[in-house]
Amino acid sequence: MYREIFVPVDNSQHSDWAVDRAIEMCRKTGGRITGNHVYAARLHDVRFRQLETGLPAQFQTPEEIKKQRKIHDKLIEKGLQLIADSFLDQLGKRCESAGVPLTRQLLEGINYEEIVNEVNRGAGRLPGLIGFDPNRAAGYDGGDKVRSDVKLGENGRLVAEDEDAAARLVGSSGRQYDLLAIGAHGLGRQQLSQLGGVVARVLRDIEKDVLIVRDQQPLEGGRFLVCVDGSSYSYKAMKAALELAQKFGGSLFVCSAFDVEYHHVVFHNIKDVLSYQASKVFKFEEQEELHNNIIDKGLLKLCQANLKRAEVMAQQYPDVPLKTQILIGKPFQVIMQWVEEIKPSLLVIGRHGAHRVENTELGSQAENLLRLAPCSVLLTGVVGVRPEDIPWIEEDGQAGLPWAPEAEVRILRVPPFAQGIARRAVEEYVLEKVGNAGPPPTVTNKWLDEAIQKLLPTHMQLIMGIGSAEEIALAEVKATEQMKATKVQGHDADPEPQVPEVETKCPVTGAVSKRPRVASDPIVWTEEGWQRLQLVPLIARPLARNTVERFARNHDIWRVTTHVMDDNKQAMIEADEFDVDTMMAMFTELRAKQIRGEASSLQAFIEEAKAQGITRCPIRDIEAKMDKCPVDMKTVTPEEAKRAVEKLLQ
């Protein structure tokens with residue numbers, strides 16, 4: 001528990017509450033408080049120099065300016081030290097009455113920088129104390145040395161003289177702290193501020209645990225709420241919450257949250273963005289099936305495992321009442337809702353979560369909770385966090401199925417955040433088909449293909465990156481060749497000519513001339529339209545281009561601008577139908593090349609759309625019905641084939 005607690009004070013209400021919580025903790029643990037105030041005498045020097053131009057003429061000589069600067073510096077420094085000393089006097093009285101040991105400390109410099117340096121490494125800058133009584137100065141960290149560069153004149157006023165820079169500071173404390181307890185706001189609090197400026201800056205760089213105090217609610221007999229997400233950071237927070245709940249006779253509430261809406265929002269957003277490229281290419285409704293069967297259920301199992309680990313930790317604290325809860329939604333949002341419901345005296349969270357990105361200072365969920373939580377928050381730091389500290393549960397000892405090397409290579413292409421869920425889904429599918437009797441089956445390419453086709457929509461196979469990219473690479477080469485025929489000329493803002501013309505070049509003389517456009521001339525793309533087309537993954541780009549150009553020709557448009565692309569998007573959304581001619585042509589090509597879900601990124605999402613050439617139903621739905629088609633496509637006319645397929649798909 002916390003025995004060395006660092007408490008910055010500024011005589012504000014929140015600062016007083018932070019002192020109360022620090023004293024409350026120290027009385028339970030036998031700990032000690034280091035009361036601190038930081039002052040910045042040097043900051044006033046800049047403004048004083050700005051005001052020098054307004055001084056009377058007799059004070060404008062270089063010698064006099066130098067003298068006035070030194071006197072001003074010492075007056076300001078001594079004044080700030082006396083104010084800070086008064087703050088610590090109040091803290092000293094409260095600690096004395098509570099029987100809690102106190103170390104008084106002044107630091108000189110930028111407040112948040114000195115607090116961070118002192119808490120992390122004991123490296124705050126301890127100043128010499130101007131004009132302090134030596135006996136009183138000895139009561140400070142490093143305060144046994146009194147500044148000797150201050151002298152009084154015959155009139156009792158400070159005398160300017162050259163300072164010894166080394167005498168200004170007496171080193172650093174070298175102390176080690178367990179906890180920083182700080183008020184959420186300071187003296188300069190504004191009505192709409194969520195956190196004080198010093199606190200917000202300090203939070204970013206502190207490595208130790210930080211207690212942000214927002215109210216006067218005591219810890220004794222209180223409710224403690226802790227959030228776990230499976231990371232070692234969260235289980236450090238869990239341990240701290242258990243220890244506090246036991247020390248103060250409180251109850252503990254544990255939650256784990258997952259967001260089922262995020263994937264829906266993302267894919268619907270993708271749908272809107274890509275609809276001008278190939279609107280209605282895929283059945284986005286299939287996302288519901290995917291989320292329910294794999295992603296949502298997988299996340300639910302992860303949350304259940306997170307809480308089970310928390311319960312294992314709680315077994316070592318049998319006197320602490322425990323309640324667990326799975327929350328569904330954006331983590332910080334649903335945690336805030338639960339906070340409003342149970343009204344905890346303390347919210348305990350880890351500085352980072354399971355998805356920490358290297359070199360980040362603070363997790364996004366933690367930052368939101370620190371700013372929005374109405375109660376005090378304990379933010380556990382990164383010191384002493386180890387991956388092996390994640391509690392072991394029975395499920396951790398369950399070995400997965402063996403995987404054939406070729407299947408293992410394919411599953412490793414799944415993005416890391418989804419790999420565990422994908423692997424487990426495939427293994428569950430295999431066990432469902434084979435059963436638990438006999439030796440465990442091996443997951444081969446055959447089983448993997450079956451599981452993919454059963455569990456994932458075609459476009460999600462591409463998103464998950466399960467498969468070989470060889471045929472996709474060939475398709476990209478072909479797409480590059482097809483795009484070379486696109487004609488790009490002019491800009492969206494160019495005026496529309498009354499008579500559209502095209503340039504022609506004599507194959508013999510090379511002379512260039514112009515003639516009026518005819519219907520068979522190629523469509524022209526503006527630079528802006530062409531750049532927008534580049535957003536489409538390469539393999540899908542020819543289809544996207546052809547779709548827009550067909551729309552343009554049908555509406556007697558010869559130049560494709562971004563406005564035309566938007567019109568095409570809206571027309572396809574309103575039509576909500578697939579083009580059977582394009583579907584049949586591309587389906588034949590797809591069968592020949594056997595392009596399947598064989599990519600490793602979101603790019604493949606559109607690549608299969610290019611290969612399939614459909615605007616509503618997944619290609620596998622067509623394929624499944626082809627065997628039922630009563631028409632031999634090799635012997636009938638295209639019109640008969642089209643009518644047959646339309647009837648089949650009704």
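Both backbone and side-chain heavy atoms feed into the values below; hydrogens, waters and symmetry mates do not. The model shown is predicted, which means the values in this text are computed figures rather than measured ones. Numbers here are sequence positions counted from 1.
The structure places CD1 of I83 at 12.5 Å from CG of L88, a figure rounded to the nearest 0.5 Å. Between T103 atom OG1 and Q105 atom CD the span is 8.5 Å, to the nearest 0.5 Å. With rounding to the nearest 0.5 angstrom, the CG atom of L327 is 4.5 Å from the SG atom of C255. Here the SG-CD distance, from C303 to Q325, works out to 11.0 Å after rounding to the nearest 0.5 Å. A distance of 8.5 Å separates CD in Q333 from CG in L372, rounded to the nearest 0.5 Å. Rounding to the nearest 0.5 Å places CD1 of I349 at 13.0 Å from NZ of K236.
With contacts defined as side-chain heavy-atom distances shorter than 4.5 Å, the pair Q217/W17 does not qualify. A 4.5 Å side-chain heavy-atom check between I212 and I182 finds at least one atom pair inside the cut-off. Looking only at side-chain heavy atoms (C-beta outward), L370 and L379 come within less than 4.5 Å of each other. Residues L252 and K323 are not in side-chain contact: their nearest non-hydrogen atoms beyond the backbone lie 4.5 Å or more apart. The shortest side-chain heavy-atom distance between L346 and C375 does not fall under the 4.5 Å cut-off. Contact check for R32 versus E4: side-chain heavy atoms found under the 4.5 Å cut-off. Side-chain contact between E108 and E114: absent, with no pair of heavy atoms (C-beta onward) separated by less than 4.5 Å. I5 is not listed as a side-chain neighbour of R21, based on a closest heavy-atom distance of 4.5 Å or more.
More than 12 non-hydrogen atoms from other residues, nucleotides or ligands lie less than 6.0 angstrom from CD of E311. Atom CD of Q176 is surrounded by 12 or fewer heavy atoms from other residues, nucleotides or ligands within 6.0 Å.
Every side-chain hydrogen bond (donor to acceptor under 3.5 Å, both in side chains) that E367 has, sequence neighbours left out, goes to R204. Here F87 pairs with H37 under the ring pair (Phe, Tyr, Trp, His ring centres under 6.0 Å) rule; sequence neighbours left out. Remark: R27 engages no residue in a side-chain hydrogen bond (donor to acceptor under 3.5 Å, both in side chains) (not counting sequence neighbours). Shown here are the ring pair (Phe, Tyr, Trp, His ring centres under 6.0 Å) partners of Y39, two or more places apart in sequence or in another chain: there are none. For S173, the side-chain hydrogen bond (donor to acceptor under 3.5 Å, both in side chains) partners are E118, not counting sequence neighbours. The ring pair (Phe, Tyr, Trp, His ring centres under 6.0 Å) check on Y2 picks up nothing, with sequence neighbours excluded. Among residues two or more places apart in sequence or in another chain, the side-chain contact (heavy atoms from CB on, under 4.5 Å) test is passed with P321 by S251. For S12, the side-chain hydrogen bond (donor to acceptor under 3.5 Å, both in side chains) partners are D10, not counting sequence neighbours. Residues passing the side-chain contact (heavy atoms from CB on, under 4.5 Å) test with K208, sequence neighbours excluded: V119, N120, I206, V383. For W403, the ring pair (Phe, Tyr, Trp, His ring centres under 6.0 Å) test picks out no residue, with sequence neighbours left out.
Nearest approach of L347 to A373, heavy atoms of both residues: CD2-CB, 4.1 Å. Considering every non-hydrogen atom in both G35 and L91, the closest pair reads CA-CD2, 3.3 Å. Counting all heavy atoms, side chain and backbone alike, T442 lies closest to W447 at O-CD1, 3.4 Å. Contact record, R175 with D141: CD-OD2, 2.9 Å, taken as the closest heavy-atom pair. Residue A181 comes nearest to A22 through the heavy atom pair CB-CB, 4.4 Å, listed as atom of the first residue, atom of the second, then distance. The nearest pair of heavy atoms linking V226 to A241 is CB-CB, 3.9 Å.
Side-chain atoms of S345 come within 3.5 Å of backbone atoms of R223 as a donor-acceptor pair (strictly under, hydrogens ignored). Here the side chain of S256 pairs no donor or acceptor atom with the backbone of N306 at under 3.5 angstrom. Between the T324 side chain and the V254 main chain, no donor and acceptor come within less than 3.5 Å of each other. Checking side-chain atoms of E24 against main-chain N and O of L219 turns up a donor-acceptor pair under 3.5 Å. A distance-only check finds a donor-acceptor pair linking the side chain of K343 to the backbone of E340 [under 3.5 Å]. In terms of modelled atom types and a separation under 3.5 Å, the side chain of D178 and the main chain of R3 share a donor-acceptor contact. Between the side chain of T29 and the main chain of M1, no donor-acceptor pair closer than 3.5 Å is present.
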Practice problem: For I23 and I33, run side chain to side chain contact (heavy atoms under 4.5 Å, CB included): C-alpha distance rounded to whole Å, both residues' side-chain angles, the deciding distance at 0.1 Å, then the answer. | Solution: CA-CA 8 Å; I23 290 176; I33 290 176; 3.7 Å; yes

Quiz prompt | side chain to side chain contact (heavy atoms under 4.5 Å, CB included) between N36 and V9, intermediate numbers included | solution = CA-CA 6 Å; N36 163 274; V9 295; over 6 Å; no

Exercise. Would you please test V38 and I115 for side chain to side chain contact (heavy atoms under 4.5 Å, CB included) and show each step?
Key: CA-CA 8 Å; V38 182; I115 291 173; 4.2 Å; yes

Practice problem: Take E96 and K93 through the side chain to side chain contact (heavy atoms under 4.5 Å, CB included) test and state the conclusion after the steps. | Solution: CA-CA 5 Å; E96 183 179 1; K93 294 176 183 178; 5.5 Å; no

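Residue pairs meeting the ring-ring contact (aromatic ring centres under 6.0 Å, His included) criterion with at least one member in residues 315-352, sequence neighbours excluded: Y233-H352, F253-W338.
L180 pairs with exactly one of T34, V202, V7 by the side-chain contact (heavy atoms from CB on, under 4.5 Å) rule, that one being V202.
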Contacts under 3.5 angstrom, residues 185-200 side chains, donor-acceptor by atom type, not counting sequence neighbours:
unit_1, atom_1, unit_2, atom_2, d
Q190, NE2, G188, O, 3.2
S193, OG, Q190, O, 2.9

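If you check the side chains of T380 and D209, you find no donor sitting under 3.5 Å from an acceptor.
A salt bridge links K28 with E220: the distance from a Lys NZ or Arg NE/NH1/NH2 to an Asp or Glu carboxylate oxygen falls below 4.0 Å.
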